[in-house]
Visitor: 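Let me begin by handing over the structure; questions about it come next.
In this text the structure is predicted, and so the values were computed from the model without any measurement. Numbers for residues simply follow the sequence, beginning at 1.
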Amino acid sequence: MQTTNKIRGIIAAVSGAILFGTAIPAMADATDDIIQALIGKGVLTEEEGALLMKGRAGEKEVAAAKKKDEVKVSLKDGVKFESADKETSIKLIGRVQGDYRNFDHSESDADLINGGGATGSDTFDMRRARLGFEGTFKKYYQFKVQSDMAAANKLDEAYLNIAWWKPVQFRFGQFKMPAMLEEMTSSNNIDFMERTMANGGVAGKERGAMVHGAPLPGMTYALAFSTGEGQNNAEDDIRVDGIDTLARVTANFAEMMGNKDMVLHAGLMYSTTDLDQANTSIGYDASTEGKGVKFFDAKTIAGIANDTEVERDRTGVEGAVAYGPFKVQAEWSKVGYDFDGAGTAAADDSLDIDTWYAQAIWNITGEPWAKMYKGGAWSGMKPSKDFNPDGSAWGAWQVGIRYSKFDADEGFADTGSVGFLEADAWTLGLNFYPNANTRIMLNYVRSNFEEHDSDVTVNGRAVDDERALMTRVQWAF
């Protein structure tokens with residue numbers, strides 16, 4: 001009877017320790033040590049200790065099962081729900097980009113009688129207003145759905161990515177196709193407010209399927225098949241096979257050599273497809289980087305029959321070198337169109353568009369670029385110290401300069417809808433990051449037009465350049 005009472009007393013005491021211990025993991029582990037110590041000192045027999053340990057094991061199983069079913073909520077950089085084993089998660093994502101653009105096109109430049117217009121008007125604008133969610137299901141299945149309310153609530157992306165193996169993954173839906181470095185970098189993270197003239201002919205977000213992965217440290221590849229019809233468009237003409245085949249491969253030689261402080265990026269891109277001419281669209285137009293004048297538009301080309309095929313080939317070379325807070329980046333691309341039976345649409349039966357740019361960026365506050373490179377593209381800036389209005393921390397600051405060049409084939413006939421054949425632009429930029437989610441940008445862009453016969457016509461007046469001062473306030477999560 002005394003033994004039984006002793007056991008009950010010890011069980012009560014130890015159980016209390018166990019219950020208290022379940023609230024604090026360190027003390028929970030200490031409870032097992034207490035039982036073992038009591039056995040060692042002879043206070044408990046082996047049988048009594050085994051009985052207590054069995055109860056302790058049951059408590060651990062219940063606690064482990066409860067913990068496995070827990071959902072953790074994180075508010076870091078957004079709202080994220082994640083299972084305890086981290087194999088399933090869902091995160092709210094979005095971005096808001098509010099712009100103001102001021103141009104040198106004034107009312108006095110407009111020929112109000114013979115063609116006045118609104119091109120180059122000073123304006124506030126919602127450049128992007130996206131909202132969606134992304135996450136992972138059972139470790140290997142990644143998904144994303146996002147719409148853009150600034151574009152009439154248009155579907156932006158919607159895909160499923162199957163990642164059974166890191167070197168070989170499969171993606172299906174509407175997503176960003178393999179393209180150049182600048183395009184593969186999110187609009188949240190590009191160095192200037194707008195992408196360059198070299199970006200006008202690359203693939204964007206289209207519907208299709210892709211195999212991609214990282215077979216070696218520092219190396220990525222992607223092979224995709226898409227409609228080739230642009231965002232939110234399906235193939236709708238059986239006369240021409242419009243499937244676009246796209247490929248991209250990149251290498252970060254610094255990572256391959258084990259250098260974590262540097263980025264030595266190089267990449268190649270190629271795509272090919274046949275386009276139909278039912279809607280006389282070959283899918284290339286170009287506006288200035290200030291988003292004012294559209295100086296080149298090859299969408300509508302007179303004299304092309306509906307059954308005419310247009311073969312489009314796109315080639316690109318990209319490179320970037322970054323060390324510490326300094327980065328230089330450059331790309332060259334060529335888009336070629338071959339017209340079959342184009343009638344009187346072109347003096348030649350082809351159109352080639354060459355573009356390139358080079359830029360240099362300095363993180364004034366010293367943030368290293370190597371920490372912002374991942375998977376063959378640039379990710380977002382995280383200031384070393386978030387901005388504090390009391391003056392103790394100033395966030396992150398960047399300054400940059402960029403030159404870009406556009407050159408269309410002079411042999412292609414200007415039928416009245418093609419527009420200018422040459423242009424270049426200089427851009428100066430200053431970026432301020434109060435924190436990882438917020439960015440304030442200031443850009444000055446000067447674009448020059450170099451057509452061979454006449455000037456660009458803006459609001460009824462001939463001009464040979466455009467100057468724009470732009471600012472953006474961005475919040476992304």
Side-chain angles (χ1 to χ4, degrees), residues 171 174-185 190 194-212 220-231 233 235 240-250 265-277 279-287 289 296-299 301 304 308-320 329-340 342 346 348-358 376-377 404-409 411-412 418-419 421-423:
R171 184 168 296 186
Q174 179 166 291
F175 52 88
K176 188 171 286 189
M177 292 293 151
M180 304 285 284
L181 175 60
E182 185 182 38
E183 177 65 24
M184 299 309 295
T185 300
I190 54 178
E194 300 295 341
R195 293 184 170 94
T196 64
M197 298 177 184
N199 195 72
V202 304
K205 295 169 182 174
E206 297 181 341
R207 298 173 181 177
M210 177 172 70
V211 57
H212 65 109
T220 72
Y221 76 94
L223 175 64
F225 304 93
S226 77
T227 61
E229 298 291 334
Q231 192 172 20
N233 293 322
E235 180 61 49
V240 176
D241 179 12
I243 299 299
D244 198 352
T245 302
L246 310 99
R248 179 179 185 245
V249 60
T250 72
H265 170 95
L268 298 172
M269 181 276 295
Y270 177 76
S271 73
T272 183
T273 189
D274 291 330
L275 303 172
D276 68 80
Q277 284 298 311
N279 57 1
T280 61
S281 172
I282 64 173
Y284 197 114
D285 59 34
S287 299
E289 292 166 18
F296 182 89
D297 189 350
K299 275 192 170 184
I301 300 175
I304 296 183
T308 298
E309 290 186 8
V310 176
E311 181 181 344
R312 180 184 65 193
D313 295 310
R314 297 182 284 202
T315 306
V317 180
E318 61 193 62
Q329 179 174 310
E331 296 182 326
W332 170 87
S333 67
K334 181 174 184 177
V335 183
Y337 300 92
D338 286 328
F339 302 92
D340 181 15
D348 294 339
D349 59 358
S350 66
L351 166 64
D352 292 327
I353 301 171
D354 290 272
T355 57
W356 66 273
Y357 76 88
S404 61
K405 176 72 174 181
F406 173 98
D407 187 0
D409 190 347
F412 189 77
V418 175
L421 301 180
E422 289 188 48

Visitor: Identify the two heavy atoms, one from A377 and one from T185, that lie closest to each other, and give their separation to 0.1 Å.
Guide: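 Closest heavy-atom pair between A377 and T185: CB-OG1, 4.0 Å.
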
Visitor: Before accepting this row, confirm whether a basic side-chain N of the pair R314/D244 lies closer than 4.0 Å to the acidic partner's carboxylate O.
Guide: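 Looking at R314 and D244, the cut-off is met.
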
Visitor: Can you name the closest pair of heavy atoms from R207 and N233 and give their distance?
Guide: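 In terms of heavy atoms, the two residues are closest at CD-O, 4.1 Å.
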
Visitor: Got E229 and E206 here, is their nearest side-chain heavy-atom distance under 4.5 Å?
Guide: no

Visitor: Got a sec, which residues hit side-chain contact (heavy atoms from CB on, under 4.5 Å) with S404, two or more places apart in sequence or on another chain?
Guide: T196, M197, E289, Y357, A425

Visitor: Considering all heavy atoms of both residues, which atom of M177 and which atom of A203 are nearest to each other, and what is their separation?
Guide: CB-CB, 4.0 Å

Visitor: Do the side chain of S333 and the main chain of V317 share a donor and acceptor less than 3.5 angstrom apart?
Guide: no

Visitor: Looking at every heavy atom in both A222 and P178, which two are closest together, and how far apart are they?
Guide: CB-CG, 3.7 Å

Visitor: Measure the NZ-CG distance between K334 and D352 for me, rounded to the nearest 0.5 Å.
Guide: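 Going from the NZ atom of K334 to the CG atom of D352 covers 4.5 Å.
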
Visitor: Under 4.0 Å between a side-chain nitrogen and a carboxylate oxygen: does that hold for E318 and R248?
Guide: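 Looking at E318 and R248, the cut-off is met.
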
Visitor: Excluding sequence neighbours, so at least two apart, what forms ring pair (Phe, Tyr, Trp, His ring centres under 6.0 Å) with W332?
Guide: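 Ring pair (Phe, Tyr, Trp, His ring centres under 6.0 Å) check on W332 returns nothing, list empty.
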
Visitor: In Å and rounded to the nearest 0.5 Å, what is the CE to NZ distance from M210 to K176?
Guide: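 These two atoms lie 11.5 Å from each other.
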
Visitor: Ignoring hydrogens and geometry, is there a side-chain-to-backbone donor-acceptor pair from N199 to R195 under 3.5 Å?
Guide: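 Checking the backbone N and O of R195 against the side chain of N199, no donor-acceptor pair under 3.5 Å is found.
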
Visitor: Looking only at heavy atoms, which two atoms of G376 and T250 are closest? And how far apart?
Guide: CA-OG1, 3.9 Å

Visitor: Please check: side-chain N/O of E183 versus main-chain N/O of G204, any donor-acceptor pairing under 3.5 Å?
Guide: no

Visitor: Among all residues two or more places apart in sequence or in another chain, which pass the salt bridge (Lys or Arg N to Asp or Glu O under 4.0 Å) test with K405?
Guide: E422, E450

Visitor: Should R171 and H212 count as side-chain neighbours, where that means a heavy-atom distance under 4.5 Å?
Guide: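 A side-chain contact exists here, since the closest heavy-atom pair is under 4.5 Å.
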
Visitor: Whether the T272 and T245 side chains hold a donor-acceptor pair (N or O, under 3.5 Å, no angle test) is what I'd like checked.
Guide: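 Side-chain D/A pair, T272 to T245: absent.
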
Visitor: Counting N and O atoms only, with roles assigned by atom type, does the side chain of E331 sit under 3.5 Å from a partner on the main chain of W356, one being a donor and the other an acceptor?
Guide: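 Absent.
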
Visitor: Say whether, by atom type as modelled, one donor and one acceptor occur between the side chain of T273 and the main chain of I243 under 3.5 angstrom.
Guide: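 Looks like yes, one N/O pair under 3.5 Å.
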
Visitor: Hey, which of L246, V335, T315 is the one that makes side chain to side chain contact (heavy atoms under 4.5 Å, CB included) with S271?
Guide: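 Single side chain to side chain contact (heavy atoms under 4.5 Å, CB included) partner of S271 among L246, V335, T315: L246.
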
Visitor: Would D313 and Y337 count as a side chain to side chain donor-acceptor pair (under 3.5 Å) here? Give the steps.
Guide: CA-CA 7 Å; D313 295 310; Y337 300 92; over 6 Å; no

